[in-house]
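Only one structure is covered here, and it is reproduced in the block below.
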Amino acid sequence: MTEVPGPVSRAKLARRQQHVAAGVGTTLPVFVEAAGGGVLVDADGNSLIDLGSGIAVTSVGNAAPEVARRVAEQAAAFTHTCFMVTPYDGYVDVCEQLAELTPGDHAKKSALFNSGAEAVENAVKIARSHTGRSAVAVFDHAYHGRTNLTMAMTAKNMPYKQGFGPFANEVYRAPVSYPFREPAEITGAEAADRAIDVLDKQVGAGNLACLVIEPILGEGGFVVPAEGFLARLREWTQEHGIVLVADEIQTGFCRTGDWFACDHEGVVPDLITTAKGMAGGLPLAAVTGRAEIMDAVHVGGLGGTYGGNPVACAAAVGAIEAMRKHDLVKRARELGTRMQERLHAIAERHPGAADIRGRGAMMAVEIVGADGRTPDPVRVGSVSAHCHARGVVTLTAGTYGNVLRFLPPLAMPEHLLDEAFDIVSEAFDATA
Ligand SMILES: Cc1ncc(COP(=O)(O)O)c(C=O)c1O
């Protein structure tokens, strides 16, 4: 193992800096040449353990045989026709699978897009078209993407919004349930009523087209709202004809130990947005929902040149096949249990590791100072830097930048996860 990044990666980085816009960040500047089974092999020949999955994407691995084979076959047959011009089976196959796998047994339809942000934008378009209303409700600590509307929906200014306004209007923010940071004990239903009160008074339920929520907040720091929060919001949105959109772009497709995070509480949203893990690394996103809502939009109102590209659809069919075949729902739970054990062992020695949370293979630890509350992003930075130097790819998150999050590929063997957590544990000791 060379130092990380090694000399070859460092030379490549100089070229990257010359040609790639500075605004595109890099977590760990090693150049990858091969990846799979939870390992990234860099240009210096180092093997790094991947606890990030390219931000929750490579759940089935970086080169799952089911994905690679179908992608190669589809690329050899045709790479594009544009589904809006001349359709093909792969698009319909993905929509059929989404109808089967997403929560609820009502009639469902889907539309496919290229990125998560695009799916969220389209969910809002569909909800507005269906309800004839314009207001959109979102939450504190939310992340929904980097396009203009989704920047408005995203809570955190730096780095996502700074200098990029003006933003889309008619977006209203309500307080979320954030158990670790509540000033006093509050149930999920009470926290939902607190949000409902804000929306009712400041917007008016009758003006809301949709309420968009991540069932577990992703970039916001893997905040798991208290049990009952989502269910109470479901009840209220139903009462007032507000379309409930679950943004499952990060949580979906086995990541949380269920097919979808909403399944955990038995909540059935009206629309669900998916991307990331769905297509084994190829760009594909979807809005899936009640047929009557999806069909509210006039013909030609939804689409895009590449949305539901045939190669990306082939990848999704392969990824879903791998999820079923290897029972990745169960696998996510197993990895989650192991990560929790390892993180609790760290927290026993390091009280700054104050809140261990998440579900399934979407785990995080929020790190605070000696008072048990003040966010400590500096410690998170030094723990991460130690992990990176020792060849473990870790990601951070959180509104305060003080959350270490773990998203291993669901295909990762347990011994590799343990090896990675030995280094995470060592990183806490070394930076105490
Ligand atoms: C919950 C959620 N919504 C939307 C997005 C945006 O997805 P994309 O980066 O594919 O546009 C993300 C990406 O991290 C996400 O986690």
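Only a predicted model underlies this, so the values are computations on that prediction, with no experimental measurement involved. Counting starts at 1 for both ligands and their atoms, following the listed order.
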When you measure from atom 9 (O) of ligand 1 to the protein, is at least one non-hydrogen atom found at a distance under 4.0 Å? no

Nearest-contact summary for atom 7 (O) of ligand 1 - protein heavy atom, Å: Gly116 CA, 3.3 Å

Any N or O on Ile249 sitting closer than 3.5 Å to an N or O of ligand 1? no

Where the side chain of Arg357 meets the backbone of Gly221, is there a donor-acceptor pair that is under 3.5 Å apart? yes

Distance under 4.0 Å to a non-hydrogen atom of Ala117: what atoms of ligand 1 satisfy this? 6 (C), 7 (O), 8 (P), 11 (O)

For the residue pair Thr154 / Lys161, report whether a side-chain donor-acceptor contact shorter than 3.5 Å exists. no

Quick one: side chain to side chain donor-acceptor pair (under 3.5 Å) partners of Glu248, sequence neighbours excluded? Thr251

Any Asp247 heavy atom less than 4.0 Å to ligand 1: yes

Show me which atoms of ligand 1 lie under 4.0 Å from any heavy atom of Glu214. 1 (C)

Which of the atoms in ligand 1, numbered in the order shown and given with their element, are less than 4.0 Å from a heavy-atom of Glu219? 14 (O)

Taken in chain and number order and not counting sequence neighbours, the residues that satisfy ring pair (Phe, Tyr, Trp, His ring centres under 6.0 Å) with His240 are Trp236

Heavy atom of the protein closest to atom 16 (O) of ligand 1 (residue, atom name, distance): Gln250 NE2, 2.8 Å

Can you tell which part of Ser115 has a heavy atom less than 4.0 Å from ligand 1: side chain, backbone, both or neither? both

Any carboxylate oxygen within less than 4.0 angstrom of a Lys/Arg side-chain nitrogen, looking at Arg194 and Glu182? yes

Tell me which part of Lys276 gets within contact of ligand 1: side chain, backbone, both or neither, using heavy atoms under 4.0 Å. side chain

Between Phe83 and Tyr91, how do the two ring planes meet: parallel, tilted or perpendicular, split at 30° and 60°? parallel

So, taking the atom named CZ in Arg16 and the one named OG in Ser9, what distance separates them when rounded to the nearest 0.5 Å? 12.0 Å

